[in-house]
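Side chains are part of it too, since the values below use all heavy atoms of this structure and drop only hydrogens, waters and symmetry mates. Just so we're on the same page: letters track the sequence lines, and every chain starts at 1.
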Amino acid sequence: MERQVTRRTSSAEDTGSEMSEEERLMDQREKEELEQHPKERDASRTQKLTEQKLTTREEGKATLKNGSKNKKQAADDYQFVLEEIDFMKASVMDGDNFDYEEMEDSLEKSRAKSALEALKEERRKLPIYPYREELLQAISDHQVLVIVGETGSGKTTQIPQYLHEAGYAKRGMIACIQPRCVAAMSVAARVSQEMGVKLGQEVGYSIRFEDCTSEKTILKYMTDGMLLRELLGEPDLASYSVVMVDEAHERTLSTDILFALVKDIAQFHPDLKVLISSATLDAEKFSDYFDSATIFKIPGRRYPVEINFIKAPQADYLDAAIATSLQIHVTQPPGDILVFLTGQEEIETAEEILKHRTRGLGTKIAELIICPVYANLPTDLQAKIFEPTPEGARKVVLATNIAETSLTIDGIKYVIDPGFCEMKSYNPRTGSETLLVTPISKASALQRAGRSGRTGPGKCFRLYTAYSFHNEMDDNTVPEIQRTNLANLVLTLKSLGIHDLVHFDFMDNPPSEAIISALELLYALCALNNSGQLTKVGRRMAEFPVDPMLSKMIVASEKYKCSDEIISIAAMLSVGNSIFYCPKDKQVHADNARMNFHTGNVGDHIALLKVYNSWKETNYSTQWCYENYIQVRSMKWARDVLDQLAGLLERVEIELTSNPGNLDAIKKSIASGFFPHFALQQKDRSYKTFKHLETVNIHPSSGLAQVLPSWVVYHELVFTTKKYVRQVTEFKLEWLKEIAPHYYQRKDAMRVLWAADQLRLADVMSLLRLAADGTLL
DNA sequence: GAGCACTGC
């Protein structure tokens, strides 16, 4: 039943001989400079690097202008080791065993005939088309099928249609699960066109904040989280005949849970068909997990991509990436360049250096248009990457991982892959998150390389050695379930009635400490009782699509009569760290604008509330956002979340009450959810966390970073260059008795007294009093 | 004195 993708292999050496003389010269120059300035990557690098570049690159100009000597040696000194990786050759496969006229007749009537003709022609040209019958047979023969479909095979748009044409929709909806909502929307739109029906009718999509389906819907494209939420109301998926999990290799937290639940459901519902569609090498793993499910392979349509590894390891990948971009620009045929960098800061640095260097070269080289792109970049600036490159110019896109899966840019012919990305991992012991520059996996490297071969043959330049690739890089990225806080996942599973989490059949087990600390947290929040059952509080909390400490804060706001303020704060916090936009060149202005919301040192939570309310007062003005360096996109998202939370309040019968003047009530509600996140100030401006005795600092972006109250409650603890607490609000120790007497014990008070350095006398006294007067057990 | 990417009845 397995199909092998046809592969094309060819000699690995030939590109080396295509190097032009200029290229060799550039190479030589770059290498000399790299050797002269070996640099380690460190936190303060940016400044240094920029300064250095601005001076040393002047020499590069001279060399290029004069041309010069020693070409042979240059060629020997610096060259890429070339190795060709094989991809499917672009081909049009024919084969015609399917009657489209018949399909048409059975579909809705209202449609443009000629447009449909063109679409059906396109459908037939997709690589998947010749496999239609065989695929349908396989689905009919097996309840679970793993489908390996390369990019461009047409699996996402065609398989649900094939299933519909084969009559599966008569038994229930055909769900196609996507990891991203843009994909769900755009694919649904495309499929509705192909079927000649109106979007939202037979073909629809369902994503957060938008349910574009109707009674008639038979093909439903939806996000993974959406199906998970639906499962809470319909645990047996009775309204579906087929669930196809697309892009399963991305392994989001939600899809990992879905795998386990769907596997379980399938055992009791033999009529439910399960399709797992994965693009990469881990099909075997999916097959094993689903009890040796059959694997069905479909070739894709992609152009060959030539892979080049660097010969010797580079001291600094950013340096090497910039050098390589310029080298490509000067020596290679037209085609845009995509460079994968780790973050905003790095992209801004690279942009500055590139601008300076190309300016230095003046008219000696063709125009190089530099386009930065990262998730936090305002939408209007992001749009620049999609503008067509003018004749004679070349575009270089400096992107984060956003370009690996989320954004597709046409016209990219060259990919530069330094082999790193910034990744979050979670320490369940301390509850801290770490943001770390990490080597990417082989799967990720393949994905990146593939970005150059979408519209024509491409080239990928990897800034690491072939040896590193084969011997040092992991095959796959560690799945999210193994590097994230599981409190929300555990709450979801508990509300589905799954209690034995340690023996739960995950595809990759999360660390048991992560499950245990999640259970401990839920117990501390009173969401679970002694026997691990969901309490009434827990059931209410599970209704809210936010992390448990946030949902507890919301539930607690009922008591303090400030649910209105609290859901606004929760909505703003759930947007994450992207409310404020701080471009490097306007940092002072942006910082000033941000500090305007901190008057009165009310703390970051209440500052967020002020931001939201101020925006609301301007009638949700975009202009206001620009003036205040605030991301419009984030604010709109917060508004949608807020609407949703308000609706859910009603559902769990919590009255929407406002108590704007009573800041203490708001702070107490926050603390009711976040009491595990208390910290005490030490004399050296750092803080000691009450429970885990971690030494932390208030994040410099906080309004309280200079104020330093004795006691704070924080939203999150992130470990970047230091351990920072972000989103901080003052808390009064005497509130502890009211809020979390069950959580902190006398021994915690004594331990923090013992562990903290140079406490203020007043704080020592308060702690002793707390331990002595019976407040703490 | 700091900043990966997604996403949720």
Side-chain angles (χ1 to χ4, degrees), chain A residues 43-44 46-47 177-184 206-211 213 222-234 247 250-255 257-258 340-349 373-377 399-407 420-425 433-438 440 444 447 477 480 483-484 488-489 491-492 495 542-547 550-551 571 574-584 587-588 590-591 594 631 637 640-641 644-645 647-648 651-652 685 697-702 705-706 718-722 724 726:
Chain A
S44 61
T46 316
Q47 190 72 33
I177 312 304
Q178 298 293 319
R180 276 173 296 281
C181 61
V182 231
S206 175
I207 59 175
R208 190 177 185 179
F209 311 133
E210 200 184 348
D211 181 7
T213 61
M222 63 206 292
T223 46
D224 46 11
M226 207 61 188
L227 185 65
L228 199 55
R229 278 283 154 182
E230 279 192 11
L231 264 164
L232 289 175
E234 188 187 70
E247 314 287 345
E250 288 196 26
R251 302 291 307 275
T252 69
L253 192 55
S254 301
T255 48
I257 308 170
L258 282 178
F340 283 100
L341 297 173
T342 61
Q344 179 180 343
E345 180 197 0
E346 201 169 85
I347 288 172
E348 285 172 343
T349 307
V373 61
Y374 41 89
N376 221 353
L377 190 74
T400 59
N401 251 5
I402 194 173
E404 198 177 294
T405 49
S406 308
L407 276 183
F420 293 95
C421 70
E422 193 139 289
M423 228 178 25
K424 203 159 75 174
S425 64
E433 289 170 336
T434 311
L435 216 48
L436 202 64
V437 175
T438 316
I440 61 169
S444 190
Q447 177 72 25
T477 310
E480 198 182 356
R483 51 186 174 86
T484 195
N488 209 6
L489 177 149
L491 184 62
T492 305
S495 40
E543 292 287 335
F544 296 93
V546 293
D547 278 336
L550 283 171
S551 54
S574 76
V575 171
N577 206 29
S578 54
I579 300 281
F580 297 97
Y581 176 60
C582 185
K584 213 178 177 184
Q587 210 167 315
V588 181
D591 279 359
R594 190 166 43 78
Q631 301 262 21
W637 183 264
D640 288 341
V641 176
Q644 193 181 22
L645 294 178
L648 292 165
R651 198 182 156 116
V652 300
R685 305 168 70 86
N697 287 271
I698 295 186
H699 196 275
S701 65
S702 166
Q706 308 303 324
V718 283
F719 184 26
T720 49
T721 52
K722 266 185 186 174
Y724 285 110
R726 263 198 313 224

For A:Ala590, enumerate each residue passing the side-chain contact (heavy atoms from CB on, under 4.5 Å) test, keeping only those at least two apart in sequence or located in another chain.
-> A:Cys582, A:Tyr629
Atom [atom1] of [X] to atom [atom2] of [N]: distance rounded to whole Å?
X        : N     : atom1 : atom2 : value
A:Ile347 : B:dA2 : CD1   : P     : 19 Å
A:Glu247 : B:dA5 : CD    : C1'   : 15 Å
A:Glu433 : B:dA5 : CD    : P     : 14 Å
A:Arg594 : B:dG1 : CZ    : C1'   : 10 Å
A:Phe719 : B:dC4 : CZ    : P     : 15 Å
A:Glu480 : B:dC4 : CD    : P     : 17 Å

Which nucleotide wins on minimum distance to the side chain of [X], given the candidates [options]?
X        : options             : answer
A:Thr223 : B:dT7, B:dC9, B:dG3 : B:dT7
A:Asp591 : B:dG1, B:dC9, B:dA5 : B:dG1
A:Tyr374 : B:dT7, B:dA5, B:dG1 : B:dA5
A:Gln344 : B:dA2, B:dA5, B:dC4 : B:dC4
A:Cys181 : B:dA2, B:dC9, B:dT7 : B:dT7
A:Gln587 : B:dA2, B:dG8, B:dA5 : B:dA2
A:Glu345 : B:dG3, B:dG1, B:dG8 : B:dG3
A:Pro700 : B:dC9, B:dA2, B:dA5 : B:dA2
A:Leu435 : B:dG8, B:dC6, B:dC4 : B:dC4
A:Lys424 : B:dC4, B:dC9, B:dC6 : B:dC4

Below 4.0 Å: OP1/OP2 of B:dG8 and any side-chain N or O of A:Gln644 | no
Look at A:Thr342 and B:dC4 and indicate whether a side-chain polar atom (N or O) is within less than 4.0 Å of OP1 or OP2.
-> no
So does A:Gln706 have more than 12 non-hydrogen atoms from other groups sitting under 6.0 Å from CD?
-> no
Modelled atom types, side-chain donor and acceptor of A:Ser444 and A:Glu404, under 3.5 Å = yes
Measure the spacing between CD of A:Gln644 and OG of A:Ser574 and express it to the nearest 0.5 Å.
-> 9.0 Å
Checking only heavy atoms, does the side chain of A:Asn376 share a donor-acceptor pair with the base of B:dA5 at less than 3.5 Å?
-> no
Applying side-chain hydrogen bond (donor to acceptor under 3.5 Å, both in side chains) to A:Arg251 and not counting sequence neighbours gives A:Asp256, A:Asp508
